[in-house]
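This is a predicted model, so every value here is computed, not measured. Scope of the values below: all heavy atoms of this structure, side chains included, with no hydrogens, waters or symmetry mates.
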Amino acid sequence: MTINHLSRRTILQAAGVGAAAVLGGPLLAACSNEGRGGVQPTTGAPGGGGGGGGVLPKYLPYAGVKPDIKGGNGVGDTFFAYPAEPVTAITAAIGDGKPIRTLGITNQPIPPALGNNAFWQELNKRIGSDLEISLANPADYNQRFPTAVAGDQLPDIFSVGSAPQLPGLLASKALDLTEYLAGDAIAKYPFLANIQTDSWKSCVYNGRLMAVPVPRGMISSYVLYGRDDLLASHGVSGPATSYQDLYDKAKAVTAPAENRWAFSYVPVDYIRQMYGVQNGWQEVGGTLQASYADPAQKDALEAAKKLFDDGLVVPDAFTAQWQDYKTWFGGGRAMYTFDSFSAWPSFLTLIAGEHFSLAAYPPAKAEGGGAAKAWLGNPTNSTTAINAKAKDRVETMLSFLNWCAAAFGTSEYLFRKYGIEGVNYTLEGTDPILNDKGKSETQLGLLYLCDAPWPIYQAGDRKATQAQYDAQEAFMKNAVQSKTVGVYSETNARDGSRINKAMSDLQNDIIQGRQPVSAWDQGVADWKKNGGDKIRDELAKGLQESGG
């Protein structure tokens with residue numbers, strides 16, 4: 001196995017505007033939900049394709065396991081415990097006896113090599129092929145991927161990284177999966193069919209299905225978390241009903257002399273939602289408009305700046321690392337933090353205590369009077385392609401990816417996530433609890449090759465499971481998705497990071513007082529001139545071609 005030690009950063013390029021202009025602390029450089037497959041708070045596509053074009057697989061929900069609360073409207077199925085008798089869902093052979101070589105990403109420390117890894121050894125037995133894994137941290141994958149392409153060294157299965165002319169690259173290097181997966185053909189692979197349609201949109205390039213998705217659904221959406229236990233001790237409770245209410249609550253709990261502030265960093269995107277700023281790209285007056293150009297941006301920036309000016313944010317926010325925000329929140333230095341739904345379980349790990357209580361607050365309208373539109377994150381974490389040279393083994397490759405997507409409640413999922421009972425995990429009731437060996441050995445990056453739709457499940461904690469369901473359901477009632485999710489723009493793939501970074505720098509300058517709020521207008525004009533307008537045109541064309 002080859003693994004590069006790299007800093008953590010998403011390989012996903014921010015296609016949506018709103019993608020870069022998301023933080024009031026330093027621009028996110030690290031995945032906020034490490035090891036959980038989350039993405040930056042982006043509203044755009046992960047370098048995705050054409051958004052459909054009539055080749056999308058049919059969605060066939062898996063019905064072999066009954067959840068405690070059936071999901072719907074974007075909310076995942078909810079389980080209060082792992083099924084006592086997991087369903088063995090795949091009985092047909094997966095591997096063909098030949099090695100399956102993969103190149104993927106990981107956010108976790110390097111797992112033990114095959115010879116010292118009982119999970120990996122058992123994995124090879126179960127799938128019937130030796131899995132040869134090459135991993136890179138997301139930050140380096142964008143260098144690793146084009147190098148592998150240039151050297152004609154792509155393995156059988158590989159995560160689709162960032163590269164110029166990606167549609168053409170995939171057309172020449174990846175297997176066209178349309179005939180195997182489009183429409184009803186997906187039924188042959190029931191766990192790939194169990195992935196919702198929105199996640200497949202990022203797999204379409206030039207009207208062909210060129211990859212399979214790594215789904216995450218709505219858990220990639222960001223929400224304001226509050227330490228309800230600590231807030232209550234300062235006389236503050238419940239979600240803010242307006243911006244002024246949010247400010248007042250923040251003021252009430254901030255006490256610098258006691259090393260306590262309201263916010264871990266300035267939750268600019270949360271405030272944008274309160275002020276009605278659009279999510280990513282939307283059609284306005286018959287034309288695609290980037291969220292940068294939303295007239296409400298300057299009101300939101302002014303409001304965000306006030307939180308920082310008035311000392312309601314941890315003073316180190318702009319120089320801190322993403323993990324610092326979690327630590328401050330966990331330790332009570334900050335009462336609120338802005339993070340993805342997928343971060344919830346990590347907070348429960350980080351923050352312990354009999355009285356600990358966590359809440360997630362959907363945004364309210366800044367002026368009061370009800371809920372604001374909440375921003376849905378990208379439903380797709382990344383995509384995975386099959387090497388065109390592996391065409392004669394396509395069934396093996398798709399069977400393996402189908403196995404990687406086996407749903408919660410199956411024995412395949414239990415093994416894939418937790419390993420071998422007694423070696424990698426123990427049962428508490430019917431819930432598997434990873435031990436240290438399990439936490440290390442199971443980190444082979446399988447969840448970044450393909451994965452099941454994420455359930456709502458907190459092992460051994462029914463109360464937390466119910467709370468997550470309630471929060472997600474409330475969020476989805478007023479959620480809106482960027483119109484261009486899954487639509488590819490070559491200019492965005494090439495220049496998006498650079499021109500979006502200029503906007504995030506400007507945002508941070510404004511909040512810290514180095515630029516006036518009025519400078520936003522010139523920033524937007526420059527962004528348009530430097531590529532934003534071209535991205536708009538390409539996205540509009542992609543939408544038209546896909547019927548979006």
Side-chain angles (χ1 to χ4, degrees), residues 37 52 55-94 126-127 177 180-203 209 212-220 341-342 345 376 379-381 384 395 397-418 427 429-432 446-447 449-459 462 465-466 468-470 472-473 475-477 479:
V55 300
L56 294 174
K58 189 174 183 179
Y59 175 50
L60 302 171
Y62 178 66
V65 178
K66 185 180 179 181
D68 292 296
I69 303 175
K70 181 64 180 172
N73 189 33
V75 180
D77 288 343
T78 297
F79 297 84
F80 293 127
Y82 206 89
E85 297 181 4
V87 175
T88 299
I90 300 176
T91 56
I94 301 167
R126 293 196 183 200
I127 66 173
L177 300 175
Y180 306 103
L181 301 178
D184 292 331
I186 192 76
K188 186 174 182 179
Y189 307 99
F191 292 113
L192 295 181
N194 188 43
I195 297 173
Q196 293 184 324
T197 303
D198 278 352
S199 287
W200 285 96
K201 292 179 179 177
S202 296
C203 301
L209 197 59
V212 300
V214 179
R216 291 295 181 264
M218 67 89 62
I219 64 162
S220 60
F341 274 109
S342 66
L376 268 176
T380 308
N381 178 77
T384 298
E395 189 160 333
M397 303 305 157
L398 287 174
S399 295
F400 171 66
L401 293 170
N402 181 63
W403 181 86
C404 288
F408 184 93
T410 65
S411 60
E412 292 82 2
Y413 183 101
L414 180 64
F415 171 71
R416 191 175 72 248
K417 299 287 187 178
Y418 297 95
L427 286 177
T430 61
D431 291 317
L446 299 178
L447 79 167
L449 293 177
C450 201
D451 204 358
W454 277 42
I456 300 173
Y457 168 65
Q458 195 73 44
R462 181 184 180 117
T465 302
Q466 182 70 54
Q468 291 178 55
Y469 172 82
D470 292 343
Q472 291 190 24
E473 186 190 40
F475 183 92
M476 288 301 299
K477 287 179 179 176

Could you please spell out the steps behind the side chain to side chain contact (heavy atoms under 4.5 Å, CB included) verdict for F408 and L414? CA-CA 7 Å; F408 184 93; L414 180 64; over 6 Å; no

Separation of [Y] [atom2] from [X] [atom1] (nearest 0.5 Å):
X	Y	atom1	atom2	result
F400	C450	CZ	SG	9.5 Å
K58	I186	NZ	CD1	12.0 Å
M397	L401	CE	CG	9.0 Å
N73	K477	CG	NZ	10.0 Å
I94	E395	CD1	CD	12.0 Å
T410	I90	OG1	CD1	7.0 Å

Decide yes or no for [X] and [Y]: does some side-chain heavy atom of the first lie under 4.5 Å from some side-chain heavy atom of the second?
X	Y	value
V75	F341	no
I69	F79	no
L427	P432	yes
L60	P190	no
D451	R416	yes
K70	D77	yes
S220	N381	no
V65	P83	yes

Minimum heavy-atom separation for [X] to [Y], with atom names?
X	Y	value
Y413	A407	CB-O, 3.1 Å
P213	C203	N-SG, 3.4 Å
W454	I219	CE3-CD1, 2.9 Å
D431	F80	OD2-O, 4.5 Å
A452	A406	CB-O, 3.4 Å
L192	L181	CD1-CD2, 4.2 Å

Counting distance only, does the side-chain N/O of T88 pair as donor-acceptor with the main-chain N or O of S411 below 3.5 Å?
no

Margin query: When you measure from the side chain of T465 to the backbone of Q458, do you find a donor-acceptor pair of N or O atoms at a distance under 3.5 Å?
Written below: yes

Requested in this report: Go through the steps to decide whether V87 and Y62 satisfy the test side chain to side chain contact (heavy atoms under 4.5 Å, CB included), and finish with yes or no.
Outcome: CA-CA 12 Å; V87 175; Y62 178 66; 3.6 Å; yes

Inset, instruction - Start with the C-alpha distance between F475 and L376, add both sets of side-chain angles, then the distance that settles side chain to side chain contact (heavy atoms under 4.5 Å, CB included), and finish with yes or no. - result: CA-CA 9 Å; F475 183 92; L376 268 176; 4.2 Å; yes

Discussion item. Looking at R126 and E412, is any side-chain nitrogen of the basic one under 4.0 Å from a carboxylate oxygen of the acidic one?
Written reply: no

Could you go through the side chain to side chain contact (heavy atoms under 4.5 Å, CB included) check for V214 and L447 one step at a time? CA-CA 7 Å; V214 179; L447 79 167; 6.0 Å; no

Is the Y82 ring parallel, tilted or perpendicular to the Y457 ring (thresholds 30°, 60°)? perpendicular

Hits for side-chain hydrogen bond (donor to acceptor under 3.5 Å, both in side chains) against K66, two or more places apart or cross-chain, chain-then-number order -> none

